Amino acid sequence: MANPLYRAERCRDLAEECRAIAALCGPSTEMRNHYSQMSEHYRLLAEAEEPAELAHGPFATSTVPT
């Protein structure tokens with residue numbers, strides 16, 4: 001898995017799977033929270049893997065005052 005775009009997509013897929021599992025956990029708050037936290041973790045990993053151009057768009061400009 002050397003390609004950052006592939007890793008980001010894989011992490012997004014895993015986040016989606018965790019959200020789906022969390023929704024199926026029924027009355028088990030502990031398990032629902034566990035899978036929700038895993039989903040958030042994978043979402044953050046996906047964001048970290050994406051190159052800046054994809055995360056902010058190719059025409060993004062700096063918000064730092066000049």
Side-chain angles (χ1 to χ4, degrees):
M1 280 207 295
N3 183 339
L5 293 178
Y6 174 81
R7 287 192 303 263
E9 184 63 31
R10 180 68 179 132
C11 287
R12 280 191 292 275
D13 290 345
L14 289 169
E16 188 175 329
E17 281 185 47
C18 288
R19 279 191 299 275
I21 292 170
L24 296 173
C25 283
S28 176
T29 304
E30 183 180 346
M31 291 305 293
R32 187 172 43 250
N33 288 341
H34 173 76
Y35 281 104
S36 293
Q37 288 174 353
M38 287 178 58
S39 174
E40 178 64 9
H41 177 76
Y42 280 121
R43 185 189 67 77
L44 292 172
L45 284 175
E47 284 182 10
E49 288 292 341
E50 291 178 331
E53 300 85 38
L54 293 177
H56 305 291
F59 302 110
T61 58
S62 173
T63 58
V64 177
T66 55

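Nothing here was measured: the structure is a model prediction, and the numbers come from that model. The residues of the chain are indexed from 1 along the displayed sequence.
- If you take CD on Glu9 and CG on Asn3, they are separated by 11.0 Å, rounding to the nearest 0.5 Å.
- Between the CZ atom of Arg19 and the CG atom of Leu24 there is a distance of 13.0 Å, given to the nearest 0.5 Å.
- If you chain together hydrophobic residues whose side chains sit under 4.5 Å apart, Ile21 and Met31 fall into the same group.
- Taking every heavy atom of both residues into account, Tyr35 and Cys25 meet most closely at CD1-SG, 4.0 Å.
- In this structure, Leu45 CG and Arg10 CZ are separated by 12.5 Å, a value rounded to the nearest 0.5 Å.
- Here the options are Glu50, Glu47, Glu17, Glu49, the test is side-chain hydrogen bond (donor to acceptor under 3.5 Å, both in side chains), and the partner is Arg12; only Glu50 passes.
- Looking at every heavy atom in both residues, Ser39 comes nearest to Ala15 through OG-O, 3.1 Å.
- Among Gln37, Met38, His34, the one residue that satisfies the side chain to side chain contact (heavy atoms under 4.5 Å, CB included) test with Cys18 is Met38.
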